[in-house]
Amino acid sequence: MSLGDPLPAAFYDRDPAAVARELLGAVLRHDSNDGVISGRIVETEAYLGPHDPASHSAVGRTARTWHMFGPPGTAYVYFIYGMHWCVNAVVREDGYGAAVLIRALEPLEGLPLMRARRPKARHDRELLNGPGKLCAALGITRAQDGLPLTGGSRLTICAGDVVPDAAVAVTPRIGISKAADWPLRYVLR
DNA sequence: ACGCGGATGGCCT
DNA sequence: GGCCATCCGCGTA
C-alpha cells in the first residue's frame with residue numbers, strides 16, 4: 001500500500017477508533033457521471049457496533065442498516081432528517097456492524113462541480129464541512145450504498161499523507177443523544 | 001459570533 | 001407517533 005492506492009479491506013478490519021483516526025488525511029473520491037470530485041478527510045467519527053447505543057447497528061440488521069453489517073471497506077450510506085445523505089466506511093469483520101462516519105473533507109479535485117452542487121455555500125470552506133454537505137457535493141446518495149471503497153467501484157478511499165498525533169484532536173461525537181460523552185470523534189486541524 | 005427552530009421523510013415501535 | 005450520526009436562515013450581540 002502506498003500513497004494514492006485504495007485502502008484495502010484489511011485496513012478496515014480493525015478497531016473502529018483506530019480506523020477513524022487513521023482515515024484522517026486519506027482521500028475520498030467519487031467518479032460521478034458529471035465528473036471526478038475528491039477531498040481529503042479531515043473529520044471522522046467511530047460507531048463501535050451493536051453494543052454502542054448511538055450506532056445504527058444497535059437496532060439490528062434492517063433494510064436501512066443492511067450494508068453496515070457488510071464486509072470491511074463497504075460504503076454505508078443513509079438518509080437522515082428527510083433531506084440529507086451521510087456516508088460511512090464499514091469496519092471490522094463481515095457481519096459485525098461497526099462503521100466510521102466521514103464528517104468533513106477539504107476540497108481537492110472538482111471544485112467547480114462542488115460549487116454547482118452546493119449553491120448555498122458562500123465560500124469554498126463551506127463546501128464539504130459537514131456529513132450531509134460533503135455527500136451533496138460529491139453526489140453521494142442511496143445509489144452508492146453498499147459499494148466497495150477498496151477499489152473497483154466509482155467511490156473509493158485512497159491512502160494519503162501520514163498525519164502526526166499533534167495535528168489530531170479527539171472529542172465526543174456530535175449530534176447524538178445516546179453515549180454522547182464517548183470520545184470517538186477525530187478532527188484534523 | 002453565537003443560539004434557536006423549522007424543514008422534511010423514512011423507519012422503528 | 002415520534003425520533004433522528006443535519007443544514008440553513010433568522011434572531012440577538
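Predicted model only: the values in this text are computed from it and were never measured. Chain letters run A, B, ... following the sequence lines, proteins first and then strands; every chain starts at 1.
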*Which comes earlier along DNA chain B counting from the 5' end, the contact point of A/F79 or that of A/T65, where each point is its nearest nucleotide?*
A/F79
_Given DNA chain B, 5'-ward residue of the pair A/R142 and A/Y81, judged by closest heavy atom_ = A/Y81
*Could you tell me from which nucleotide to which nucleotide of DNA chain B, 5' to 3', there is an atom under 4.0 Å from chain A heavy atoms?*
B/dA7 to B/dC12
Can any side-chain N or O of [X] pair as donor or acceptor with the backbone N or O of [Y] at less than 3.5 Å?
| X | Y | value |
| --- | --- | --- |
| A/R29 | A/C158 | no |
| A/E22 | A/V19 | no |
| A/R103 | A/E43 | no |

Distance check needed: [N] [atom2] versus [X] [atom1], whole Å only.
| X | N | atom1 | atom2 | result |
| --- | --- | --- | --- | --- |
| A/H84 | C/dA5 | NE2 | P | 13 Å |
| A/M83 | C/dC3 | CE | C1' | 14 Å |
| A/W85 | C/dC7 | CH2 | P | 15 Å |
| A/R122 | C/dC7 | CZ | P | 18 Å |
| A/K120 | C/dT6 | NZ | P | 18 Å |
| A/I80 | C/dC7 | CD1 | P | 11 Å |
| A/R64 | C/dC3 | CZ | C1' | 10 Å |

*Select base, sugar-phosphate, or nothing to describe what A/R118 touches, counting heavy atoms under 4.0 Å on all strands.*
sugar-phosphate
*Assign A/I176 to base, sugar-phosphate, or nothing according to its heavy-atom contacts below 4.0 angstrom with the strands shown.*
sugar-phosphate
*Should A/E45 and A/R173 count as an ion pair when the cut-off is N to O under 4.0 Å?*
no
Do any side-chain nitrogens or oxygens of [X] fall under 4.0 Å of OP1 or OP2 in [N]?
| X | N | answer |
| --- | --- | --- |
| A/K133 | C/dC8 | yes |
| A/R103 | C/dT6 | yes |
| A/S55 | C/dA5 | no |

*Take A/W182 and A/D52, measure what side chain to side chain contact (heavy atoms under 4.5 Å, CB included) needs, and give me the verdict at the end.*
CA-CA 10 Å; A/W182 297 10; A/D52 175 354; 3.7 Å; yes
*When you match A/V87 and A/E126 each to their closest nucleotide on DNA chain C, which lands nearer the 5' end?*
A/V87
*Given DNA chain C, 5'-ward residue of the pair A/A121 and A/H56, judged by closest heavy atom*: A/H56
Exercise: identify the closest heavy-atom pair between [X] and [Y]:
| X | Y | answer |
| --- | --- | --- |
| A/V163 | A/A167 | CG1-CB, 4.2 Å |
| A/V168 | A/R189 | O-NH2, 4.1 Å |
| A/S55 | A/Y47 | CA-CD2, 3.9 Å |

*Report the C-alpha distance between A/L23 and A/L28 in whole Å, list the side-chain angles of each, state the deciding distance to 0.1 Å, and finish with yes or no for side chain to side chain contact (heavy atoms under 4.5 Å, CB included).*
CA-CA 10 Å; A/L23 277 176; A/L28 177 64; over 6 Å; no
_By the side chain to side chain donor-acceptor pair (under 3.5 Å) test, which pairs, at least two apart or in different chains, include something from residues 85-95 of chain A?_
none
*For DNA chain B, write out the stems as range with range, using runs of 3 or more consecutive Watson-Crick or G-U pairs with both distances under 3.5 Å.*
B:1-7 with C:6-12, B:9-12 with C:1-4
